[in-house]
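To start, the structure under review is shown below, and the notes come after it.
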Protein chains: 2
Amino acid sequence: MSGAPPTQTAQGTKGPRTWQGVRAEVLRRIRARDWPPGTMIPNEADLARELGCARATVNRALRDLAEAGVLDRRRRAGTRVAATPVRRAVLQIPVIRDEIAAQGRDHGYRLLSRALAAPPAATAAALALPEGAQALHVRALHFADAQPFVLEDRWIAPEAAPGVLDADLARISANEWLVRHAPFASGTLSFGAVTADAGLAGLLDCAPGTALLRLDRTTSDGARMVTAAALTYHAGYRLRTTI
Amino acid sequence: MSGAPPTQTAQGTKGPRTWQGVRAEVLRRIRARDWPPGTMIPNEADLARELGCARATVNRALRDLAEAGVLDRRRRAGTRVAATPVRRAVLQIPVIRDEIAAQGRDHGYRLLSRALAAPPAATAAALALPEGAQALHVRALHFADAQPFVLEDRWIAPEAAPGVLDADLARISANEWLVRHAPFASGTLSFGAVTADAGLAGLLDCAPGTALLRLDRTTSDGARMVTAAALTYHAGYRLRTTI
DNA sequence: AATGCGAATATGTATAGACATAACGACTAT
DNA sequence: ATAGTCGTTATGTCTATACATATTCGCATT
């Protein structure tokens, strides 16, 4: 339910004086419609008194539920059950090699092309590059047990990733190099579907016209844009998560 | 950076004695490669002493970074910078009506079919229905400003959603009815791409063969499976998030 | 060497108390 | 009426302290 699976335990297994217990009790009341959507719930101090625990414990529980989108909290205004429950699902975005290894399959990798070039306008804008500036363009294919898994098409701003021009991207994927050398960047992510043209179909070993999942990602190190990548997955690939 | 946008503030704007300040400082050291991936970082007590704050404050900051996938924490073993950074992206899954309204467009809705029937084997399994049991099958189309937005194809287990058989699903979408009457359920979510066949193309107003994003969702109220839904979005739809 | 056990240790969590901060609402001055 | 002020209130956060719990490590025993 929360955005933090690591702290998640089976609901109700914890005593009521733990924050997980308080969370379970509040969630129970919401699901039992004691507190229907839109309702104001008692304030932290009252709940703490009622449940026989400290206010900080109630705060921890309610904060967790608010992060999950179950509650709306505002200072002074109090806490209410979300009327329009925008649920939050946490996607795990692993390094491609790790994702494949986690399935118990062998990761293979082939660099298709590597060149300095002026990116298309949309990419240049995404990387905040000046007019006519060049960037490193890398195309590579990742394999799982010799089957094509995902096509990586990436532009990298060289000044924002010092050393990348000297990296041996035939041996280590740009995905992995960046993770090691510019870790923990922030950015945007978007999903869509694309139709395989002849080129894509050949690379990903599917029929032309097949629908493929595509993930576009931009990455910034907090100050500068580092890279913009398009990942096109093999036919049938599904991205899974729990809510 | 973290999985909890609500608690997010501009990094570095908070003083160093707040948990956000501690988080910013730790993140700075990681990005500056003072603490490269895999490194053990000082324990909470030492960090608290160094930064001049209480251990609880450091704990709050490090817990947040662990939830974001930046740190790995284990009791007794200590805290280390994640070697293989599995980043967590938070997807916001709004009610369809709200998603369209948030774009400033008008939400339209048309019920295509509604019938009690025995679901296909895969769906029956997903809903944990006994052999041959019937479920409510609803197909409906959502519009944004009269343009087809998403096709909702849903099976609902009637015993798990009391009252649904009497609901006027021509007026209120099953999506919304469920949100109101069985709120805050948990479940699974998966994304994929599908090719528009003639039927889909007609409904979603695109050419046959177009690649479409599809979201499959199962929902449980904690005890029983309530519904399994497939949402097929219009051509060009993109699901966006930040990381 | 392998095994089992207990001590040490880092994180996880609960608590009481305090102050910070945002925002609602009433009251006041224009 | 309207705008500004200020007290009240609920959440947000920090602190110090204590105890819980999971692991790891070293030591002793087999």
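Keep in mind that what you see is a predicted model, and the values were worked out from it rather than measured. The sequence lines fix the lettering, A, B, ..., with proteins before strands; numbering per chain opens at 1.
- Minimum interatomic distance between A/Ile100 and A/Phe143 (heavy atoms only, all atoms of both residues): CD1-O, 3.5 Å.
- The heavy-atom pair separating B/Ser173 from B/His142 by the smallest distance is CB-CE1, 3.6 Å.
- Contact annotation: B/Asn59 does not reach the phosphate of C/dT13 (side-chain N/O to OP1 or OP2, under 4.0 Å).
- Note: CG (B/Leu47) to P (C/dA10) measures 12 Å, nearest angstrom.
- In this structure, the CZ atom of B/Arg49 is 11 Å from the P atom of C/dA10, given to the nearest Å.
- The nucleotide whose nearest atom lies closest to any side-chain atom of A/Trp19 is, among C/dT11, D/dT13, C/dA14, C/dA14.
- For A/Arg60, a side-chain nitrogen or oxygen approaches OP1 or OP2 of C/dT13 to under 4.0 Å.
- End-to-end axis angle of the helix from C/dA1-D/dT30 to C/dT30-D/dA1, using five pairs per end and rounding to 10°, comes to 10°.
- Rounding to the nearest 0.5 Å gives a distance of 11.5 Å between CG of B/Leu71 and CZ of B/Arg23.
- Taking only side-chain nitrogens and oxygens, A/Gln20 never comes nearer than 4.0 Å to OP1 or OP2 of C/dG12.
- Atom P of nucleotide D/dA20 and atom CD of B/Glu44 are separated by 18 Å, given to the nearest angstrom.
- Ranking D/dA10, C/dT13, D/dT24 by closeness to the B/Ala77 side chain, first place goes to D/dT24.
- Atom CZ in B/Arg63 sits 6.0 Å away from atom CZ in B/Arg60 (nearest 0.5 Å).
- When distances are taken from the side chain of B/Arg76 to each of D/dT11, C/dT13, D/dC25, the shortest belongs to D/dC25.
- Side-chain nitrogen and oxygen atoms of B/Thr79 include none within less than 4.0 Å of the OP1 or OP2 phosphate oxygen of C/dA10.
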Using residues 46-54 of chain B as the side-chain source, report each donor-acceptor pair under 3.5 Å to any protein atom, sequence neighbours left out, with the distance given to one decimal.
{"from": "B/Asp46", "atom 1": "OD1", "to": "B/Arg49", "atom 2": "NH2", "distance (Å)": "2.6"}
{"from": "B/Glu50", "atom 1": "OE1", "to": "B/Arg29", "atom 2": "NH1", "distance (Å)": "3.4"}
{"from": "B/Glu50", "atom 1": "OE2", "to": "B/Arg29", "atom 2": "NH1", "distance (Å)": "3.4"}
{"from": "B/Glu50", "atom 1": "OE2", "to": "B/Arg29", "atom 2": "NH2", "distance (Å)": "2.8"}

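- The structure places CD1 of B/Ile41 at 5.0 Å from CG of B/Leu62, a figure rounded to the nearest 0.5 Å.
- Across the protein-nucleic acid pair, A/Arg80 atom CZ and D/dT11 atom P stand 12 Å apart, rounded to whole Å.
- In this pair, B/Phe149 and B/His234 present their aromatic rings tilted. The plane angle is within the 30 to 60° band.
- Residues A/Ile243 and B/Ile93 have side chains in contact (heavy-atom distance under 4.5 Å, counting atoms from C-beta outward).
- Under 4.0 Å is where a charged nitrogen must lie from a carboxylate oxygen, and between B/Arg73 and B/Glu44 at least one such pair does.
- The CZ atom of B/Phe191 sits 9.0 Å away from the CG atom of A/Leu213 when rounded to the nearest 0.5 Å.
- Between B/Leu71 atom CG and C/dG12 atom P there is a gap of 11 Å when expressed in whole angstrom units.
- Counting to the nearest Å, the P atom of D/dG12 and the CZ atom of B/Arg23 are 15 Å from each other.
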Quick test: give all pairs of protein nitrogen or oxygen and nucleotides 15-19 of chain C nitrogen or oxygen below 3.5 Å, distance rounded to 0.1 Å.
{"from": "C/dT15", "atom 1": "OP1", "to": "A/Arg17", "atom 2": "NH2", "distance (Å)": "2.9"}
{"from": "C/dT15", "atom 1": "OP2", "to": "A/Ala54", "atom 2": "N", "distance (Å)": "2.8"}
{"from": "C/dT15", "atom 1": "OP2", "to": "A/Thr57", "atom 2": "OG1", "distance (Å)": "2.7"}
{"from": "C/dA18", "atom 1": "N6", "to": "A/Arg55", "atom 2": "NH2", "distance (Å)": "3.2"}

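- Taking 4.0 angstrom as the limit, B/Arg73 places a side-chain polar atom (N or O) nearer than this to OP1 or OP2 of C/dG12.
- A/Asp72 has its CG atom 16 Å from the C1' atom of C/dA23, to the nearest Å.
- Summarising the geometry, the separation between CG on A/Asp46 and P on D/dT9 is reported as 12 Å, rounded to the nearest angstrom.
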